[in-house]
Amino acid sequence: MSEFLIQPEVYSTGRHQSLIGLLEDIWIKNNDLGKGTYYVLSGYGNYNGGVRFFSTFQRHIDEGGRVVSIFGASTSQRQTSKQLVERLLECGCIVYLVNRKNIFHSKCYGYASENEDKLIVTSGNFTSRGISNNVEAAVYLDTNFTHQIKFQWNNLETAVLTQNWDIYTPTLTDPENPAWQLLYDEHESGIGIEESQTVTMVMTLGHADTVRINADPGTKEARGSQYFWLSKNCYDFFPPLTILNSRGYKTTNQCLINLYYVDLKYVDKKTRVTFEAGNNVDFRLGTARYRNTKLAQENDLMVLSRISENNYEIRIIRKNSPKYNVLRQHAVDFIGHRGKRIGYIQNKRLEEILEIQLLKKNEFERLLSNQEH
DNA sequence: GTCACTGGGTCG
DNA sequence: CGACCCAGTGAC
């Protein structure tokens with residue numbers, strides 16, 4: 001069924017609330033994995049924009065399918081990242097880069113097989129924000145509709161690729177290919193994040209989040225890893241999840257962040273964020289330092305502030321804290337089936353509510369180096 | 001010991 | 001069956 005939406009959860013005529021939902025529908029829930037072609041046309045692209053789909057792309061291609069992607073790229077603007085393109089190529093995707101800023105600005109996604117042409121036309125780029133939390137519109141046109149208007153993906157593909165544009169095709173075996181110069185490095189220091197991304201995640205904690213925190217050392221309850229389980233909606237709250245699991249066979253996408261435990265006055269420089277892409281799509285934040293500390297109980301609030309690209313502060317707001325109620329109101333989204341709540345709040349507003357000062361980026365760096373000694 | 005992984009469970 | 005929930009094992 002064709003449908004229209006404006007994300008996130010602004011307006012929708014169908015079942016989906018965001019672009020990522022539509023994409024999951026046509027790609028992941030596709031019964032014909034291995035048949036036909038997946039299409040990505042986007043002006044911009046970054047790693048976390050694709051992280052939900054890499055393993056699907058890989059399987060699709062391994063089983064004989066195609067994935068064709070076309071991105072805008074430029075030496076002067078950060079449009080599409082090296083990390084994304086590398087990963088797509090590793091999966092076997094075909095990647096074209098159109099080198100002319102402001103020209104390749106369309107965002108279309110889709111699926112085509114012998115008798116199908118599914119098309120999503122949207123304002124959302126293939127980026128972590130574009131697919132989920134930016135305010136973007138999207139129309140999904142099913143095969144009935146596209147065939148009514150005589151749309152065919154292979155015609156579009158041919159049309160685009162035969163334009164007199166500056167089109168590059170990077171390959172993994174050719175790092176000297178000028179195509180790579182059109183891509184930016186997401187890990188490059190100093191890229192920083194926009195003001196709008198300096199936000200704080202506020203989440204209520206559930207049983208699984210706190211058992212190990214309240215367990216005594218050596219007991220059965222203390223075994224295993226200490227995590228906070230987050231919602232899948234947080235692709236754009238973390239740095240690119242470019243680290244793949246080294247052992248095991250189920251794909252996980254991870255990144256490491258610096259996490260300052262305010263309650264413990266300790267910075268963990270190897271805090272792992274894991275997206276269990278090939279398992280149960282869990283999103284986990286490793287919070288090992290809280291183990292056995294009894295610093296948090298069920299229904300307490302976890303407050304995780306993004307200070308800069310890789311630097312975060314975490315604090316627990318206990319249920320009996322005077323600030324608890326006002327903060328909890330910001331955890332507006334219900335997730336899971338145990339009444340867990342999650343939401344985001346601007347860092348400035350958090351500082352006002354808690355009457356605190358979050359660390360500035362340079363203060364955080366100083367803390368890091370002080371802890372070296 | 002620790003924690004990256006595993007692989008179920010559960011409910012709407 | 002999707003998306004959090006949960007309880008470990010065994011590699012390191």
Side-chain angles (χ1 to χ4, degrees), chain A residues 7-9 12 14-31 33 48 51-53 55-56 131-133 201-238 241-257 259 261 264 266 268-293 296-302 304 314 331-344:
Chain A
Q7 72 182 32
E9 301 189 37
S12 107
R15 295 184 296 118
H16 300 98
Q17 304 294 332
S18 61
L19 176 54
I20 195 172
L22 292 174
L23 295 175
E24 285 171 340
D25 218 42
I26 61 167
W27 291 339
I28 293 178
K29 293 178 199 158
N30 173 22
N31 299 321
L33 203 70
N48 285 0
V51 75
R52 177 76 179 91
F53 304 108
S55 44
T56 307
I131 59 166
S132 57
N133 290 332
M201 175 192 289
V202 180
M203 188 181 77
T204 58
L205 295 172
H207 165 81
D209 300 315
T210 56
V211 259
R212 296 176 181 82
I213 294 177
N214 291 294
D216 290 317
T219 59
K220 198 156 70 73
E221 289 73 22
R223 288 189 209 160
S225 308
Q226 166 61 39
Y227 302 112
F228 287 165
W229 273 266
L230 312 177
S231 111
K232 64 172 282 189
N233 248 331
C234 45
Y235 298 106
D236 64 345
F237 186 67
F238 294 108
L241 298 152
T242 47
I243 304 171
L244 299 180
N245 48 317
S246 48
R247 61 185 163 95
Y249 59 93
K250 295 193 167 188
T251 307
T252 69
N253 294 85
Q254 313 162 4
C255 68
L256 297 173
I257 60 174
L259 184 61
Y261 289 79
L264 300 169
Y266 178 86
D268 183 356
K269 293 191 292 182
K270 288 213 168 93
T271 293
R272 191 174 300 265
V273 179
T274 308
F275 175 56
E276 297 273 349
N279 189 10
N280 42 17
V281 216
D282 275 343
F283 224 116
R284 309 174 182 187
L285 172 71
T287 46
R289 304 301 301 194
Y290 278 141
R291 181 196 302 273
N292 306 137
T293 62
Q297 276 182 335
E298 232 171 307
N299 292 321
D300 286 348
L301 284 173
M302 175 219 71
L304 179 63
I314 191 168
V332 283
D333 286 327
F334 281 95
I335 57 172
H337 59 276
R338 306 292 285 257
K340 191 184 256 197
R341 303 168 62 132
I342 193 171
Y344 295 89

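Computed over heavy atoms, backbone and side chain alike; hydrogens, waters and symmetry mates excluded. Lettering follows sequence order; numbering is per chain, from 1.
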Nearest atoms (heavy-atom pairs only) where A/Asn133 meets A/Gln7: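 Looking at all heavy atoms of both residues, the shortest contact is N-NE2, 3.9 Å.
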Minimum heavy-atom distance between A/Tyr261 and A/Asp268, given as atom pair plus value: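 Looking at all heavy atoms of both residues, the shortest contact is CE1-CB, 3.9 Å.
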Selection from C/dT9, C/dA3, B/dC5 that lies nearest to any side-chain heavy atom of A/Arg223: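 Nearest to the side chain of A/Arg223 among the choices is C/dT9.
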Distance below 4.0 Å between [X] side-chain N/O and [N] OP1 or OP2:
X: A/Lys232; N: C/dC4; answer: no
X: A/Lys220; N: C/dA7; answer: no
X: A/His207; N: C/dC4; answer: no
X: A/Ser246; N: B/dC5; answer: yes
X: A/Gln226; N: B/dT2; answer: no

DNA chain C: 5'-proximal contact among A/Gly224 and A/Gly339 (nearest heavy atom):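 Nearer the 5' end of the strand: A/Gly339.
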Test item: A/Asn233 and A/Phe283 side chains (from C-beta on) under 4.5 Å apart, heavy atoms: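 Contact flag for A/Asn233/A/Phe283 side chains = no.
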Non-hydrogen side-chain atoms of A/Met203 and A/Leu205 separated by less than 4.5 Å: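 Side-chain contact under 4.5 Å: yes.
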Residues A/Lys250 and A/Glu276 bridged, charged N to O under 4.0 Å: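 Salt bridge absent between A/Lys250 and A/Glu276.
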Salt-bridge criterion met for A/Glu298 and A/Arg338 (N-O under 4.0 Å):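 Looking at A/Glu298 and A/Arg338, the cut-off is not met.
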Gap between atoms [atom1] and [atom2], on [X] and [N] respectively (whole Å):
X: A/His16; N: C/dA3; atom1: NE2; atom2: C1'; result: 14 Å
X: A/Arg289; N: B/dT2; atom1: CZ; atom2: C1'; result: 11 Å
X: A/Glu298; N: C/dC6; atom1: CD; atom2: P; result: 7 Å
X: A/Leu230; N: C/dG2; atom1: CG; atom2: P; result: 21 Å
X: A/Arg291; N: C/dA7; atom1: CZ; atom2: P; result: 14 Å
X: A/Phe283; N: C/dC5; atom1: CZ; atom2: C1'; result: 17 Å
X: A/Asn292; N: B/dG1; atom1: CG; atom2: P; result: 12 Å
X: A/Phe228; N: B/dC3; atom1: CZ; atom2: P; result: 14 Å

Donor-acceptor pair, side chain of A/Asp209 and main chain of A/Trp229, under 3.5 angstrom: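 Present.
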Enclosure of A/Lys270 NZ (heavy-atom neighbours >12, cutoff 6.0 Å):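 No, the 6.0 Å shell around NZ holds no more than 12 heavy atoms from other groups.
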Counting only pairs under 3.5 Å, give me each side-chain donor-acceptor contact of residues 215-222 of chain A, with atom names and distances, residues two or more places apart or in other chains.
{"unit_1": "A/Asp216", "atom_1": "OD1", "unit_2": "A/Lys294", "atom_2": "NZ", "d": "2.8"}
{"unit_1": "A/Thr219", "atom_1": "OG1", "unit_2": "A/Asp216", "atom_2": "O", "d": "2.6"}

Geometric cation-pi criterion, A/Arg289 with A/Tyr266: 6.0 Å, 45°: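 Verdict for A/Tyr266: a cation-pi partner in A/Arg289.
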Anything under 3.5 Å between a protein N or O and an N or O of nucleotides 10-12 of chain B, put it in a table, one pair a line.
none

Give me, pair by pair, the N or O atoms of the protein and of nucleotides 6-8 of chain B that are less than 3.5 Å apart, along with how far apart they are.
{"unit_1": "B/dT6", "atom_1": "OP1", "unit_2": "A/Tyr249", "atom_2": "N", "d": "3.0"}
{"unit_1": "B/dT6", "atom_1": "O4", "unit_2": "A/Arg284", "atom_2": "NH1", "d": "3.0"}
{"unit_1": "B/dT6", "atom_1": "O4", "unit_2": "A/Arg284", "atom_2": "NH2", "d": "3.4"}
{"unit_1": "B/dG7", "atom_1": "OP2", "unit_2": "A/Tyr249", "atom_2": "OH", "d": "2.6"}
{"unit_1": "B/dG7", "atom_1": "N7", "unit_2": "A/Asn279", "atom_2": "OD1", "d": "3.4"}
{"unit_1": "B/dG7", "atom_1": "N7", "unit_2": "A/Asn279", "atom_2": "ND2", "d": "2.9"}
{"unit_1": "B/dG7", "atom_1": "O6", "unit_2": "A/Asn280", "atom_2": "ND2", "d": "3.2"}
{"unit_1": "B/dG7", "atom_1": "O6", "unit_2": "A/Arg284", "atom_2": "NH2", "d": "2.9"}
{"unit_1": "B/dG8", "atom_1": "O6", "unit_2": "A/Asn280", "atom_2": "ND2", "d": "2.6"}

Sugar-phosphate only, base, or nothing, as touched by A/Ser231 at under 4.0 Å among non-hydrogen atoms: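 Answer is sugar-phosphate: A/Ser231 comes under 4.0 Å of backbone atoms only.
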